[in-house]
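Read the numbers this way: they start at 1 and go in the same order the structure lists the ligands and their atoms.
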Amino acid sequence: MLILGIESSCDETGVALYNTDAGGRLVGHALHSQIIMHQAYGGVVPELASRDHIRRTVPLLRKVLADSGCSLGEINAIAYTQGPGLAGALLVGAAFAEGLAASLGIPTIPVHHLEGHLLSPLLSRNPPRFPFVALLISGGHSQLMCVTGVGEYQLLGDTLDDAAGEAFDKTGKLLGLPYPGGAALSDLAERGCSEALRFPRPMLHSGDLNFSFSGLKTAVLTKVRELGPMDEQQRADIARGFQEAIVEVLVKKSLSAVQECRLKQLVVAGGVGANRELRRQLDAQAVKKGISVFYPEFEFCTDNGAMIALAGALRFQRATSIKPAGAFAVRPRWPLAELTP
Ligand code: KG4
Ligand code: ZN
């Protein structure tokens with residue numbers, strides 16, 4: 001069966017085709033990032049995001065079909081991101097998917113964006129097996145989930161304020177880096193001296209699996225004000241100190257979560273999962289505890305259509321009823337733990 005996946009929840013338009021036959025494989029995918037367009041405003045402008053999704057979806061679909069040698073008539077169902085995300089951006093993908101599916105006479109599969117992230121390591125050559133603990137770290141979320149199967153997600157810990165990616169982006173802004181700051185801050189940190197500056201490790205000893213990153217951002221702000229005009233090395237040292245603090249908290253809490261659930265596998269998903277220092281530290285600490293860590297391929301860490309096609313395919317294979325194309329609603333706010341198998 002051939003499943004088309006469409007992602008449009010924020011500032012990336014993603015389109016992908018996933019074939020469920022013979023264990024399943026990604027047939028093709030294409031992505032357009034709006035980052036350059038939003039950079040001029042220092043953050044995502046929702047109305048511009050929606051309009052750009054309208055412009056990009058059809059050309060991306062044509063490209064995926066041409067590259068993979070497939071035709072519209074071969075598609076069996078269309079998966080799309082129903083939420084959470086920006087309402088207008090979600091509506092573009094949902095309306096396109098429902099309209100195309102209605103015209104082709106095939107069903108649709110509304111997908112939870114975070115379920116897509118969470119299952120994205122299954123696209124790797126060395127995929128994890130259920131059950132596992134998932135660390136979901138994106139621009140809007142920092143959650144630890146116990147995952148026992150598709151749709152079986154128990155929330156173990158959540159952020160009380162800023163998400164990890166949000167903390168990277170806001171700190172990047174304080175250091176004069178372009179939006180989104182995560183990857184640029186991580187590059188800058190590589191040139192910083194370890195332990196030159198030590199920032200607080202928020203909630204490290206809170207006794208639960210929750211996170212809080214807004215205090216860390218404030219500590220950086222205080223340091224930036226104290227230093228006044230900074231040279232390149234001082235900026236790099238701040239980036240390094242910030243990254244060391246956030247990585248230590250993420251690593252310790254994630255490994256504690258795996259041990260509390262008496263499991264042996266950790267899956268890291270979402271844009272911040274691309275962070276090299278996080279991967280280095282996690283790999284080094286996990287091996288000492290006999291825990292295996294799984295990451296999506298770098299290209300599937302940030303938002304993409306492949307993870308939506310995959311999540312849609314897994315849902316479609318398990319579905320007891322199919323949703324005919326037509327009526328739909330998007331869910332800009334949608335807790336992942338509300339999902340059922
Ligand atoms: O999952 P994602 O693409 O979109 C959301 O669903 O939010 O995540 C985007 C976030 C941004 O905050 C971005 O700065 C962060 O992921 N990010 C990184 C890195 N690459 C992207 N954060 C830290 N280090 C990176 N290398
Ligand atoms: Zn995302």
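Of all the heavy atoms of His113, the ones lying under 4.0 Å from any atom of ligand 1 belong exclusively to the side chain.
Other residues, nucleotides and ligands contribute only 12 or fewer heavy atoms inside 6.0 Å of the NZ atom of Lys173.
With respect to atom 2 (P) of ligand 1, the closest heavy atom belonging to the protein is Asp303 OD1, 3.6 Å. Atom 10 (C) of ligand 1 has as its closest protein heavy atom Gly139 N, 3.6 Å. From the protein, the heavy atom lying nearest to atom 22 (N) of ligand 1 is Gly182 CA, 3.5 Å.
Distances from ligand 1 to the non-hydrogen atoms of His141 include no value under 4.0 Å. Close to ligand 1: His117, with a non-hydrogen atom less than 4.0 angstrom away. Assignment of Cys10 to the shell around ligand 1 is not supported, since no heavy atom sits closer than 4.0 Å.
Considering backbone and side-chain atoms together, Glu166 places no N or O closer than 3.5 Å to any N or O of ligand 1. Where the criterion is an N or O separation shorter than 3.5 Å, residue side chain and backbone included, Pro180 fails it with respect to ligand 1.
Put simply, Leu61 and Ile109 are part of two different groups of oily side chains (I, L, V, M, F, W, Y) that touch within less than 4.5 Å, one to the next. The hydrophobic cluster containing Leu114 does not contain Leu135, counting ILVMFWY residues as joined when their side-chain heavy atoms lie under 4.5 angstrom apart, directly or transitively.
A salt bridge links Arg276 with Asp187: the closest approach of a Lys/Arg side-chain nitrogen to an acidic carboxylate oxygen falls below 4.0 angstrom. Looking at Asp52 and Arg55, a side-chain N of the basic residue comes within less than 4.0 Å of a carboxylate O on the acidic one, giving a salt bridge.
Near Asp169, meaning under 4.0 Å from one of its heavy atoms, ligand 1 places the atoms 11 (C), 12 (O), 13 (C), 14 (O). Atoms of ligand 1 lying under 4.0 Å from any heavy atom of Gly140, numbered from 1 in the order shown and given with element: 7 (O). Set against the non-hydrogen atoms of Ser138, the atoms of ligand 1 under 4.0 Å away are 1 (O), 5 (C), 6 (O), 7 (O), 8 (O). Every atom of ligand 1 is numbered from 1 in the order shown, and the set under 4.0 Å from a heavy atom of Ala274 is 26 (N).
Around the Zn ion (ligand 2), protein N, O or S atoms at less than 2.8 Å comprise His113 NE2, His117 NE2, Asp303 OD1.
Between Phe211 and Phe213, the two ring planes are parallel [angle under 30°; tilted spans 30° to 60°]. Taking the six-membered ring where the residue is Trp, Phe242 and Phe168 present perpendicular rings, their angle passing 60° and hence far from 30°.
Members clustered with Val287: none, using a 4.5 Å side-chain heavy-atom cutoff among hydrophobic residues.
For the pairing with Arg331, the side-chain hydrogen bond (donor to acceptor under 3.5 Å, both in side chains) check across Gln82, Glu338, His113 returns one residue only, Glu338.
No side-chain heavy atom of Pro296 sits under 4.5 Å from any side-chain heavy atom of His117.
Residues Ser212 and Asp161 have side chains that bring a donor and an acceptor to within less than 3.5 angstrom of each other. Glu244 and Ser194 share a donor-acceptor pair across their side chains, judged by distance under 3.5 Å alone.
Between His53 and Phe96, the distance from one ring center to the other does not fall under 6.0 angstrom.
Closest heavy-atom approach to atom 20 (N) of ligand 1 among the candidates Gly181, Gly271, Gly165, Ala163: Gly271. Taking all heavy atoms of Asp11, Asn275, Thr302 into account, the minimum distance to atom 26 (N) of ligand 1 is reached by Asn275.
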